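Just so we're clear, the structure is a prediction, and the values are computed from it rather than from any experiment. Letters A, B, ... are given to chains in the order of the sequence lines, protein chains preceding strands, and every chain is numbered from 1.
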Number of protein chains: 2
Amino acid sequence: MPRGQCRGQGWWHGKFRGCGYRITLGREAVLDVLSSCGGHLSAEDIFIKVHSKYPNVGFTTIYRTLDVLCGLGMVCKLDFGDGRARYELAEGPKGARHHHHLVCTGCNKVIDYTDFIDEEVDLLRQTEKGLEKKYNFKINDHVIQFYGLCDKCRKEGGKDAGF
Amino acid sequence: MPRGQCRGQGWWHGKFRGCGYRITLGREAVLDVLSSCGGHLSAEDIFIKVHSKYPNVGFTTIYRTLDVLCGLGMVCKLDFGDGRARYELAEGPKGARHHHHLVCTGCNKVIDYTDFIDEEVDLLRQTEKGLEKKYNFKINDHVIQFYGLCDKCRKEGGKDAGF
DNA sequence: CTCCTTATTGAAAATGGTTTCCATTACCAA
DNA sequence: TTGGTAATGGAAACCATTTTCAATAAGGAG
Ligand SMILES: [Mn+2]
Ligand SMILES: [Mn+2]
Ligand SMILES: [Zn+2]
Ligand SMILES: [Zn+2]
């Protein structure tokens, strides 16, 4: 990741400018972290990573940037019920596939799964259509998550972090 | 709802005592509100209702009671992404059926639906089984929610309360 | 390149739902 | 009735997130 001159040609710069947003170091750094590290990072996770490289990017900017990115549909804000939001790239240069989440309530590990997505999405679409008609709703989004205990946490006794 | 002498014979008292919990006025009042009013109440909603009848039941007790009730599986804690938890009776004397939620991001109205539950539950069970095997998880719970705009909010222009 | 407008920023304070503390109260088994 | 202890309420603490506001810097115009 070259420094000074990497500004101005990221894959997302076009979309970004097109919406009237300025390209700043903070925003660049956040996007950088999101695409290099895996998903499901909290604002704090992101802040720490960004801060280690650019110590004068503040926490507020992290939140504000994530907000903008969510607004643009470039980032998904996730809620696994542990009191802090998580963020993941909606689709990067490599185009992350649509997936759902399996969350361990013991250690908060999150698994992306795509195995059963097709059937799920089928049913979902069908359900959404039915619900839209019956309740006259315009459905924009859905959340499907499974909660449980991972292999390791199951063995360590049934203690459950709750959620 | 008779006053003083209704203590001691609620449908839930048995279960409650069996687990070593004491039966108190606060707990009784919370359960009362949950079963008389519909579901999806926030802790504050519940506090206000309880407080209007028993002004010396504190906010803390509401939270603590809801926690206990969740622990016993008598109440479900719901998260619709608006920053406050909601609660609903898991199954009352009338035995509320399992259902999923349709949430309006405009006015926060929540609709319980059971229409497509059967197909959903079928697929869910299947998916859970697959996931458990593949990832060696013990799945305890799932969340399925649809977000969108209700009839009214759709007409009032596309403003979206976000979530 | 330089200037200028104004979007963006960082630090600190505010917010708001929820939890913790701790001295006091009141269930309820014996 | 009584004693041990679970439960309580009020205030303070917590903690992720948001707001405020003066200072800064992106980037189009010239
Ligand atoms: Mn994911
Ligand atoms: Mn419901
Ligand atoms: Zn785990
Ligand atoms: Zn609405």
Side-chain angles (χ1 to χ4, degrees), chain A residues 4-10 13-14 16-31 41-48 50-51 54-72 75 77-87 108 161-163, chain B residues 4-10 13-14 16-31 41-48 50-51 54-72 75 77-87 108 161-163:
Chain A
Q5 53 90 280
C6 73
R7 313 272 304 283
Q9 48 262 352
H13 289 195
F16 224 70
R17 283 228 182 72
C19 296
Y21 288 111
R22 293 179 181 175
I23 289 161
T24 68
L25 194 144
R27 286 169 177 176
E28 204 132 42
V30 169
L31 234 10
L41 292 88
S42 67
E44 188 182 13
D45 293 337
I46 297 170
F47 171 71
I48 290 173
V50 168
H51 190 260
Y54 305 105
N56 32 5
V57 171
F59 220 136
T60 318
T61 294
I62 306 292
Y63 276 109
R64 277 188 292 224
T65 298
L66 289 169
D67 229 41
V68 169
L69 294 174
C70 285
L72 288 173
V75 161
K77 186 177 187 178
L78 308 172
D79 178 356
F80 297 136
D82 67 339
R84 59 181 51 194
R86 311 272 165 172
Y87 301 85
N108 293 318
F163 82 95
Chain B
Q5 52 91 277
C6 72
R7 313 271 303 283
Q9 47 262 353
H13 288 195
F16 224 68
R17 283 226 181 76
C19 295
Y21 289 112
R22 294 180 181 175
I23 288 159
T24 67
L25 194 143
R27 287 169 175 175
E28 203 132 44
V30 169
L31 233 12
L41 293 87
S42 67
E44 188 182 14
D45 293 337
I46 296 170
F47 171 71
I48 290 173
V50 168
H51 191 261
Y54 305 105
N56 33 5
V57 171
F59 220 134
T60 318
T61 294
I62 305 294
Y63 275 109
R64 276 188 292 225
T65 298
L66 289 169
D67 231 39
V68 169
L69 294 174
C70 286
L72 287 175
V75 161
K77 186 177 186 177
L78 308 172
D79 179 355
F80 297 136
D82 67 338
R84 58 180 53 194
R86 311 273 165 170
Y87 302 85
N108 292 318
F163 83 94

[X] [atom1] to [N] [atom2], straight-line distance once rounded to whole Å:
X: A:Phe59; N: C:dT9; atom1: CZ; atom2: P; value: 15 Å
X: A:Leu25; N: D:dA25; atom1: CG; atom2: C1'; value: 11 Å
X: A:Lys77; N: D:dT17; atom1: NZ; atom2: P; value: 7 Å
X: B:Glu44; N: C:dG16; atom1: CD; atom2: P; value: 11 Å
X: B:Asp82; N: C:dT15; atom1: CG; atom2: P; value: 20 Å
X: B:Glu28; N: D:dT8; atom1: CD; atom2: C1'; value: 16 Å
X: B:Tyr54; N: C:dA26; atom1: OH; atom2: P; value: 15 Å
X: B:His51; N: D:dT8; atom1: NE2; atom2: P; value: 15 Å

Looking at [X] and [Y], what are the two nearest heavy atoms and their distance?
X: A:Phe80; Y: A:Arg86; value: CD1-CG, 3.8 Å
X: A:Val57; Y: A:His51; value: O-CD2, 4.0 Å
X: A:Ile62; Y: A:Ala43; value: CG2-O, 3.7 Å
X: A:Arg27; Y: A:Tyr21; value: NH1-CB, 3.9 Å
X: A:Tyr87; Y: A:Ser42; value: CD1-C, 4.5 Å

Next on the checklist: Please confirm whether the shortest side-chain N or O distance from A:Arg17 to OP1 or OP2 of D:dA26 is below 4.0 Å.
Outcome noted: no
A:Ile48 meets the side chain to side chain contact (heavy atoms under 4.5 Å, CB included) criterion, sequence neighbours left out, with A:Glu44
Sorted by chain and number, sequence neighbours left out, side chain to side chain donor-acceptor pair (under 3.5 Å) with A:Asp67 holds for none
Taking for A:Tyr87 and for B:Pro55 the nucleotide of DNA chain D with the nearest heavy atom, the one nearer the 5' end belongs to B:Pro55
From the candidates C:dA12, D:dT17, C:dT18, the one with an atom nearest any side-chain atom of A:Thr60 is C:dA12
Of the candidates D:dA16, C:dC28, C:dG17, the side chain of A:Tyr63 sits closest to D:dA16
Atom pairs, N/O to N/O, protein against nucleotides 5-7 of chain D, distance under 3.5 Å?
unit_1 : atom_1 : unit_2  : atom_2 : d
D:dT5  : O2     : B:Arg22 : NH1    : 3.4
D:dT5  : O2     : B:Arg22 : NH2    : 3.4
D:dA6  : O4'    : B:Arg22 : NH1    : 3.4
D:dA6  : O4'    : B:Arg22 : NH2    : 3.2
D:dA6  : N3     : B:Arg22 : NH1    : 3.3
D:dA7  : OP1    : B:Arg22 : N      : 3.4
D:dA7  : OP1    : B:Arg27 : NH1    : 2.8
D:dA7  : OP1    : B:Arg27 : NH2    : 3.2

Contacts of A:Gly26 and B:Ala43 projected onto DNA chain C by closest heavy atom; the upstream (5') one is A:Gly26
